[in-house]
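Please read the structure below before turning to the comments.
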Amino acid sequence: MILKLLPISLIQCALLTGGQVLMKYGLTEVGDFSFTWQYFRRLFTNWQFVCCGLCFAAGSVLWMYIVKNFPFSMAYPMVSLSYVMGMFAAIIFFHEQIPLQRWIGVFLILTGCVLIAR
């Protein structure tokens, strides 16, 4: 069962992570946050922010498939793989330096996923 769940979960996590990356790019482009029509017009016409929504929508549809077809106790913890992907996205797209403490956290998340998959 895990051999079917893992690839689908990785795609779903990649969509979530991609959506977060696109959201950050989009929010950076539109300027300082404000509760004005002009701000939200700029936001919802920004291509990165629109693509962010598409990633989240696709990820949600995939999540519905996962929840329907796999045990929730296995499926839900696999979402945490998006945190691992997020760390790598922070390095690749935003050139962030990741301290050792966070790498230990990533290792613990991966260890937890391996234990749940068994």
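Here, residue 1 is the first one in the sequence, and each next residue gets the next number.
- Atom OG1 of Thr36 is separated from atom CG of Leu43 by 10.5 Å, given to the nearest 0.5 angstrom.
- Rounding to the nearest 0.5 Å gives a distance of 11.0 Å between CD1 of Ile92 and CE of Met85.
- The environment of Phe56 atom CZ is dense: over 12 non-hydrogen atoms of other residues, nucleotides or ligands sit within 6.0 angstrom.
- Side chains of Phe93 and Phe88 form no contact here, defined as non-hydrogen atoms less than 4.5 Å apart.
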Side-chain donor/acceptor pairs under 3.5 Å, residues 66-75, sequence neighbours excluded:
from, atom 1, to, atom 2, distance (Å)
Asn69, ND2, Tyr65, O, 2.9

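- Heavy-atom minimum distance, Phe49 versus Met23: CE1-CG, 4.2 Å.
- Side chains of Phe44 and Val50 form no contact here, defined as non-hydrogen atoms less than 4.5 Å apart.
- Ring planes of Phe33 and Phe40: perpendicular class, angle over 60° (limits at 30 and 60°).
- With a 4.5 Å cut-off on side-chain heavy atoms, Lys24 and Thr28 count as touching.
- Partner of Cys52 under the side chain to side chain contact (heavy atoms under 4.5 Å, CB included) criterion, out of Asn46, Val21, Leu27, Leu22: Leu22 alone.
- Heavy atoms only, all atoms of each residue included: Cys113 and Leu81 are closest at SG-CD2, 3.6 Å.
- In this structure, SG in Cys13 is found 8.5 Å from CH2 in Trp63, a value given to the nearest 0.5 Å.
- The shortest non-hydrogen separation linking Gln12 to Leu62 is N-CD2, 3.6 Å.
- In terms of heavy-atom proximity, Cys55 sits nearest to Gly18 at SG-C, 4.4 Å.
- In this structure, the separation between CD1 on Ile109 and CD1 on Ile104 is 12.5 Å, given to the nearest 0.5 Å.
- Rounding to the nearest 0.5 angstrom, the gap separating the CG atom in Leu5 from the CG atom in Leu10 is 9.0 Å.
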- request: Tell me, with the steps shown, if Ile116 and Met78 meet side chain to side chain contact (heavy atoms under 4.5 Å, CB included).
  value: CA-CA 9 Å; Ile116 288 166; Met78 293 299 151; 4.2 Å; yes

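- Taking each heavy atom of Met87 and Trp103 in turn, the nearest pair found is CE-N, 4.4 Å.
- Considering every non-hydrogen atom in both Ala90 and Ile98, the closest pair reads CB-CD1, 4.4 Å.
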